Amino acid sequence: MDANFYEQVYEVVRLIPKGRVTSYGAIAKALGAAKSSRMVGHAMVYAGSATPKIPAHRVVNSSGLLTGRFHFSPPTLMQEFLEEEGITVVNDKIKNFKQLFWDPLQEL
DNA sequence: ACGTTGACGGTTG
DNA sequence: CCAACCGCCAACG
């Protein structure tokens, strides 16, 4: 597989530390495609089929909202994983998102 | 080949 | 704070 945009997305997502989260836009921007944040989301769809497994539950939108929870089985699994890592989720939204936010641009 | 959809983000009202 | 709109571009039917 070529060094595709998706591969880079997966690479960054795997680098997300446990108990931390990031946003699609941040990843897109880190890959130099800030305007193609949607592509990051599409890459996450592939994440379910990709190997090794991608911790997609650590990726949320810019508001810290679990917009893609319905892609999990069951849809509540995403929140379950986050809370299991010590992240508090209220109303499908990450609490203290600003503090838990992991910026790939700052780390890479 | 074409139109629609969408795990987004930012701006405007 | 909430709703509507736009841009951006790959994937799907």
Side-chain angles (χ1 to χ4, degrees):
Chain A
M1 188 114 47
D2 307 63
N4 296 334
F5 180 79
Y6 306 103
E7 278 297 314
Q8 297 191 49
V9 174
Y10 300 147
E11 188 177 344
V12 174
V13 175
R14 292 197 202 99
L15 289 173
I16 301 175
K18 181 183 177 184
R20 301 288 292 281
V21 293
T22 189
S23 68
Y24 304 96
I27 296 173
K29 190 171 287 188
L31 274 61
K35 296 176 181 180
S36 303
S37 51
R38 273 197 154 123
M39 303 301 93
V40 178
H42 270 282
M44 294 291 93
V45 178
Y46 277 70
S49 305
T51 44
K53 282 297 176 73
I54 314 292
H57 58 275
R58 294 181 189 154
V59 186
V60 296
N61 71 352
S62 61
S63 304
L65 203 62
L66 281 55
T67 52
R69 70 187 160 161
F70 292 106
H71 286 259
F72 289 80
S73 303
T76 54
L77 186 63
M78 187 175 187
Q79 180 172 332
E80 294 292 312
F81 276 131
L82 290 171
E83 294 191 327
E84 196 172 310
E85 295 184 359
I87 299 175
T88 305
V89 180
V90 180
N91 195 5
D92 300 332
K93 176 169 140 280
I94 295 177
K95 193 179 180 70
N96 302 326
F97 174 65
K98 189 177 181 181
Q99 297 178 357
L100 298 172
F101 184 73
W102 179 80
D103 190 348
L105 283 172
Q106 189 175 319
E107 298 297 324
L108 301 177

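Within every chain, numbering begins at 1; the chains are lettered A, B, ... in the order of the sequence lines, protein sequences first and strands thereafter. In this text the structure is predicted, and so the values were computed from the model without any measurement.
Note on Ala33(A): nothing from the nucleic acid sits closer than 4.0 angstrom, heavy atoms only. Among the protein residues, Tyr46(A) comes within range of the sugar-phosphate backbone only, with heavy atoms under 4.0 Å from sugar or phosphate atoms but none that close to a base. Residue contacts for Ser63(A): at a heavy-atom cut-off of 4.0 Å it reaches no nucleic acid atom on any strand shown.
Counting to the nearest Å, the P atom of dC8(B) and the CZ atom of Phe101(A) are 15 Å from each other. Look at CE on Met44(A): it is 15 Å from C1' on dG6(B), rounded to the nearest Å. Per the geometry, CG belonging to Leu31(A) stands 15 Å off C1' belonging to dA10(C), to the nearest Å. If you take NZ of Lys35(A) and P of dC6(C), they are 18 Å apart, rounded to a whole angstrom. As a whole-Å value, the separation of Lys93(A) NZ from dA7(B) C1' is 18 Å. Look at CG on Leu77(A): it is 14 Å from C1' on dA7(B), rounded to the nearest Å. For the pair His71(A) NE2 and dC12(C) P, the interatomic distance rounds to 12 Å; values are reported in whole Å. Atom C1' of nucleotide dC9(C) and atom CD1 of Ile27(A) are separated by 17 Å, given to the nearest angstrom.
Of the candidate nucleotides dG10(B), dC8(C), dA10(C), dA10(C) has the atom lying nearest to any side-chain atom of Met39(A). Here the nucleotide nearest the side chain of Thr67(A), chosen from dA7(B), dG9(B), dC8(C), is dA7(B).
The closest side-chain heavy-atom distance from Gln79(A) to Asp92(A) is below 4.5 Å. In this structure, the side chains of Pro104(A) and Thr22(A) come closer than 4.5 Å at one or more pairs of heavy atoms.
Summarising the local packing, CZ of Phe97(A) is surrounded by more than 12 heavy atoms from other residues, nucleotides or ligands at distances under 6.0 Å.
Between His42(A) and dA11(C) there is no side-chain polar atom (N or O) within less than 4.0 angstrom of OP1 or OP2. Put simply, Ser62(A) has a side-chain N or O that comes within less than 4.0 Å of OP1 or OP2 on dG9(B).
For a distance-only test at 3.5 Å, the side chain of Arg38(A) qualifies as a donor-acceptor partner of the base of dC8(C).
Heavy-atom distances to DNA chain C give each of Ser37(A) and Tyr6(A) a nearest nucleotide, and the one nearer the 5′ end belongs to Ser37(A).
In plain terms, the two heavy atoms of Met39(A) and Tyr6(A) that are nearest each other are O-CE2, 3.9 Å.
With rounding to the nearest 0.5 angstrom, the CE atom of Met78(A) is 4.0 Å from the CG atom of Leu66(A).
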